[in-house]
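In this chain, residues are counted from 1 in sequence order.
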Amino acid sequence: MPITRVLQNNKEWARKMISEKPDYFSNLSHQQAPEYLWIGCSDSRVPANQILGLAPGEVFVQRNIGNLATHKDLNCMTCLEYAVTVLKVKHVIVCGHYNCGAVRGALTMSGKTPGLTNLWISDIKETRNKHAEELGKLEGDAQMNRLTELNAVRQVFNVCSSPVVQSAWDQGQTLSVHGLAYAVGDGLLKELTQPITGYNSLAKAAEASDFPSDSEAVWEDRALQKNITDNFKANMFFEQREQAKVQTNGKH
């Protein structure tokens, strides 16, 4: 479809919206007060507003390949910070979807495969490795679907262990985190975790999911800061060691 057709579609859509509700765009332009932040996959078949049955302005959206919410992803963490501290959303939804290409790649792509995609899905591969025994008993779609769920749950814990969310809870802000999975085949959402509204429900969710303890290690803010500091020191050590090797080799 050429871009001219897309622009024409836009004009027709805008004209239709105004005919149905003359003040639609003027009202929309003056406020943004969503109650939901959606962290989902970039897949074109997974549109947040339509799935949730919400209108524009009612859901703030962050999308990336594989619906990841790692602490190292400044894009996602910045979006989370803005949604929680400025927009004051009441719900954060982390939603995976079945038949996800990123999850399929984590199951089939060799670690030696070059390219950024392989690097990006390394977090999903870690989840795969930590649940290898369970996943090894499954095959085909069943295996991929289960990893889709496990990945979404892992990202839920990443969101819950982020300084932004923990600070909100410490300040008494009403904030629930939810893990969902979307089925492209029938359009329905599956609830993967009970609503997590604070540290107590976070502990219960972790126990119920039997998730690895690396997520648990960063629940407390001080522990999180120590974890980040230790990782930074470790990275600096390896970088300096590699630099020293390069310098030594250059002298020969």
Side-chain angles (χ1 to χ4, degrees), residues 32-107 116-128 141 144-162 164-165 168 175-197 202 205 209 211 215:
Q32 178 182 214
E35 291 191 9
Y36 301 89
L37 167 63
W38 169 281
I39 300 176
C41 185
S42 299
D43 193 297
S44 61
R45 303 166 297 174
V46 190
N49 288 75
Q50 288 91 328
I51 290 172
L52 298 176
L54 298 175
E58 294 184 328
V59 55
F60 200 58
V61 177
Q62 159 69 31
R63 298 173 70 176
N64 60 60
I65 295 174
N67 47 273
L68 302 182
T70 67
H71 296 166
K72 297 176 183 178
D73 181 1
L74 297 184
N75 186 310
C76 185
M77 290 297 107
T78 301
C79 180
L80 177 64
E81 180 180 72
Y82 185 81
V84 172
T85 63
V86 178
L87 298 177
K88 302 294 183 182
V89 298
K90 293 182 173 60
H91 303 271
V92 178
I93 297 173
V94 179
C95 187
H97 71 95
Y98 300 115
N99 195 25
C100 177
V103 173
R104 183 185 299 107
L107 288 168
L116 294 178
T117 300
N118 201 20
L119 176 64
W120 179 257
I121 63 174
S122 60
D123 194 70
I124 307 178
K125 287 188 173 184
E126 287 183 16
T127 301
R128 175 204 65 188
D141 289 344
M144 187 165 63
N145 290 345
R146 183 54 182 152
L147 182 54
T148 291
E149 296 174 350
L150 291 169
N151 175 52
V153 172
R154 179 187 178 104
Q155 306 314 316
V156 165
F157 288 128
N158 283 343
V159 169
C160 290
S161 62
S162 68
V164 173
V165 169
L175 183 65
S176 300
V177 183
H178 312 263
L180 306 177
Y182 174 68
V184 178
D186 61 17
L188 297 178
L189 291 166
K190 176 182 179 180
E191 190 173 27
L192 302 177
T193 65
Q194 292 297 307
I196 301 174
T197 59
L202 174 59
S209 68
F211 218 75
S215 294

Checklist entry - Taking atom NZ of K190 as the centre, does the number of heavy atoms from other residues, nucleotides or ligands within less than 6.0 Å exceed 12? => result no
Item to check | Flag side-chain contact, heavy atom, 4.5 Å: D73 against N64 | outcome: yes
Checklist entry - Do Q155 and N151 have side-chain N/O donor and acceptor atoms under 3.5 Å apart? => result yes
Next on the checklist: Between V84 and L37, is there a side-chain heavy-atom distance shorter than 4.5 Å?
Outcome noted: no
Next on the checklist: Minimum heavy-atom separation for L87 and P34, please, with both atom names.
Outcome noted: CD1-CG, 3.9 Å
Checklist entry - When you look at NZ of K88, are more than 12 heavy atoms from neighbouring residues, nucleotides or ligands closer to it than 6.0 Å? => result yes
Item to check | From CA spacing to verdict: side-chain contact (heavy atoms from CB on, under 4.5 Å), H178, I196 | outcome: CA-CA 7 Å; H178 312 263; I196 301 174; over 6 Å; no
Checklist entry - Do H91 and P195 touch side chain to side chain, with heavy atoms closer than 4.5 Å? => result no
Next on the checklist: Between T193 and G179 (side chain of the first, backbone of the second, donor and acceptor by atom type, cut-off under 3.5 Å), is there such a pair?
Outcome noted: yes
Checklist entry - Does the side chain of L150 come within less than 4.5 Å of R128's, by heavy atoms? => result no
Item to check | Between CG on residue L192 and CG on residue L180, distance to nearest 0.5 Å | outcome: 6.5 Å
Next on the checklist: side-chain contact (heavy atoms from CB on, under 4.5 Å) for M77 and V164? Distances and angles first, verdict last.
Outcome noted: CA-CA 8 Å; M77 290 297 107; V164 173; over 6 Å; no
Next on the checklist: Using 0.5 Å steps for rounding, measure from the CD atom of E81 to the OG atom of S162.
Outcome noted: 9.5 Å
Item to check | CA sep, side-chain torsions, deciding dist, call: N99, D43, side-chain contact (heavy atoms from CB on, under 4.5 Å) | outcome: CA-CA 10 Å; N99 195 25; D43 193 297; over 6 Å; no
Next on the checklist: Using side-chain heavy atoms (C-beta onward) and a distance below 4.5 Å, is D141 in contact with Y98?
Outcome noted: no
Checklist entry - Quick one: side-chain contact (heavy atoms from CB on, under 4.5 Å) partners of E58, sequence neighbours excluded? => result L54, A55
Next on the checklist: Quick check against the 3.5 Å criterion: does R45 have a side-chain atom that pairs as donor or acceptor with the backbone of V184?
Outcome noted: no
Checklist entry - side-chain contact (heavy atoms from CB on, under 4.5 Å) between W38 and V46: does it pass, once the steps are laid out? => result CA-CA 11 Å; W38 169 281; V46 190; 4.0 Å; yes
Checklist entry - Do C95 and L189 come close enough that some side-chain heavy atom pair is under 4.5 Å? => result yes
Next on the checklist: Among residues at least two apart in sequence or on other chains, which ones pass ring-ring contact (aromatic ring centres under 6.0 Å, His included) with Y182?
Outcome noted: none
